[in-house]
Q: 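This is the structure I want to talk about, given as C-alpha cells.
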Amino acid sequence: MPPPAAPAQPIGVFDSGVGGLSVLRALRARLPAETFIYVADSGHAPYGDQSPEFVEARAAAVSRFLMAHNAKAMVIACNTASVLVAASLRRLHPLPIVAMEPAIKPAAMVTKSKVMLVLATTSTVRSESVARLCRAHGDDVRIILQACPGLADQVELAEFSSTATRELLRQYILPGVAQGADTIVLGCTHYAFLAREIAETAGPAVFIVEPSDAIAEQLARVLLTLAPASSLSQAATTFYTSGSTALLSSFLTAINEPFEQVFELPADSA
Ligand code: DGL
C-alpha cells in the first residue's frame with residue numbers, strides 16, 4: 001500500500017532511530033490535535049559514533065523529506081543531531097525548529113549532593129554545546145560526562161533489560177554514583193526507554209532528569225505563533241524508517257504506541 005497523502009500541516013519529528021519516540025509520546029500527549037510525521041533514521045543509527053559531517057548530511061536529507069511533506073514545524077528528537085547540526089538546519093529551512101540539549105541546567109537546580117552524571121552519546125559529550133552548558137552551570141556543581149557507546153544500539157534492538165544492556169548500565173552508571181552523583185541526566189532520547197533499568201542500577205536515592213515534557217512545552221509555545229491545527233485534519237502520526245519497517249513496527253507495538261503502518265523512507269532520503 002502506498003504511503004497516505006500527507007496531512008495538511010504536520011509537525012515533523014526525527015531521530016537517528018527509535019529514541020525520539022520517547023519525545024513523540026510527550027508531544028502527542030501535550031498537543032493531541034496535531035498530526036505528526038516521525039522519521040526513524042535507523043538505517044544510519046547510531047549517530048553518536050559518526051562524524052559531524054555525516055550527521056549533518058543525514059539531518060539535511062531527513063529534514064528535506066519532512067519539508068516536502070509540508071511540515072509547519074520540526075522537532076529534532078535527538079540530542080546528538082541537535083547539538084551538532086541544529087544551527088545548520090535552521091539556516092537551511094525557514095520554519096520553527098525545536099532542538100534538544102542535555103538537561104544540565106534543570107539538573108543543576110535539583111542536585112543536593114552537587115554532583116550530577118550526564119549519560120549521552122560520545123558525540124554529544126564531546127560537543128561544544130555541552131562544554132558551554134558545563135561552563136554555564138558547573139560553578140558549584142560537579143558534572144560527570146559519561147559517553148555510553150553501545151547503549152543506543154541496545155535500545156534499537158528493544159533489548160531494554162537483557163544481560164548485555166544491564167552490564168553496560170552498570171559500567172556507565174556505578175562509577176558516577178560512587179563519586180556522589182544524586183542526579184542523572186538522560187542526555188540521549190534512546191535512554192528514556194531504559195529509565196526503569198537506569199533507576200534500578202543507580203538506586204532509589206538518585207533522581208533522573210528526562211526532558212521530553214519540557215520539549216513538548218517548548219513546541220506548544222512555538223505553535224502559538226503559527227496557525228492552529230485545522231479542525232478538519234485528523235490527529236495521527238505517520239511513521240517512516242530508513243531501517244527495517246518490521247523492526248520499527250515491533251518496537252511501536254512493544255511500547256504501546258498506536259500506529260497503522262510503518263513506511264520505508266524513500267530512497268532519495270534514505
Ligand atoms: N537518540 C540520539 C540522542 O538523543 C542518539 C542515539 C545515536 O547515537 O544515534 O542523542
Side-chain angles (χ1 to χ4, degrees), residues 12-27 38-63 74-87 89 97-104 107 117-131 133 145-160 165 168-169 172 184-195 198 208-216 218-219 239-244 247-248 251-252 255 257 265 270:
V13 183
F14 76 93
D15 177 43
S16 63
V18 296
L21 294 170
S22 59
V23 179
L24 178 71
R25 195 148 59 184
L27 301 180
Y38 183 90
V39 177
D41 198 16
S42 296
H44 303 279
Y47 283 177
D49 300 339
Q50 302 281 1
S51 68
E53 293 74 23
F54 180 91
V55 176
E56 184 161 5
R58 288 309 307 152
V62 170
S63 62
M74 231 180 264
V75 177
I76 310 177
C78 173
N79 291 265
T80 309
S82 293
V83 299
L84 294 179
V85 304
L89 280 194
I97 296 181
V98 173
M100 308 189 67
E101 63 183 15
I104 289 173
L117 174 63
V118 180
L119 305 178
T121 67
T122 306
S123 293
T124 298
V125 160
R126 288 187 185 151
S127 69
E128 176 48 36
S129 300
V130 165
L133 285 168
L145 300 176
Q146 176 64 59
C148 305
L151 205 50
D153 308 70
Q154 295 300 108
V155 176
E156 284 290 309
L157 297 169
E159 289 210 13
F160 304 133
T165 302
L168 285 175
L169 290 176
Y172 295 143
I184 293 182
V185 174
L186 303 189
C188 166
T189 52
H190 280 71
Y191 306 163
F193 291 111
L194 301 172
I198 289 170
I208 294 176
V209 181
E210 199 278 311
S212 296
D213 289 338
I215 295 298
Q218 198 182 334
L219 178 63
F239 294 93
Y240 289 84
T241 180
S242 59
S244 153
L247 267 187
L248 181 53
F251 194 95
L252 290 166
I255 63 166
E257 180 70 38
L265 196 63

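We count ligands from 1, going down the list as the structure has it; atoms in each ligand are counted the same way. Side-chain atoms are counted along with the backbone in the values below, which use heavy atoms only and exclude waters and symmetry mates.
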Q: Using a 6.0 Å cut-off, check whether atom CZ of Arg25 has over 12 heavy atoms from anything other than its own residue.
A: yes

Q: Between Tyr47 and Phe54, what is the ring plane arrangement, given parallel below 30°, perpendicular above 60°, and tilted in between?
A: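 Rings of Tyr47 and Phe54: perpendicular, as their planes differ by over 60°.
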
Q: Mind checking what makes side-chain hydrogen bond (donor to acceptor under 3.5 Å, both in side chains) contact with Glu56, not counting sequence neighbours?
A: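 Only Ser88 meet the side-chain hydrogen bond (donor to acceptor under 3.5 Å, both in side chains) criterion with Glu56.
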
Q: Scan the side chains in residues 74-81 for donor-acceptor partners under 3.5 Å anywhere in the protein, sequence neighbours excluded, and list what turns up.
A:
residue: Asn79; atom: ND2; partner: Gly187; partner atom: O; Å: 3.3
residue: Thr80; atom: OG1; partner: Thr121; partner atom: OG1; Å: 2.9
residue: Thr80; atom: OG1; partner: Thr124; partner atom: OG1; Å: 3.2

Q: Can you name the residues that come within less than 4.0 Å of ligand 1, going by heavy atoms only?
A: Asp15, Ser16, Pro46, Tyr47, Gly48, Cys78, Asn79, Thr80, Thr121, Ala152, Cys188, Thr189, His190

Q: Which residues pass the side-chain hydrogen bond (donor to acceptor under 3.5 Å, both in side chains) test with Gln218, sequence neighbours left out?
A: none

Q: Let me see the working for Phe251 and Phe193 under ring pair (Phe, Tyr, Trp, His ring centres under 6.0 Å), right down to the final yes or no.
A: CA-CA 11 Å; Phe251 194 95; Phe193 291 111; 5.2 Å; yes

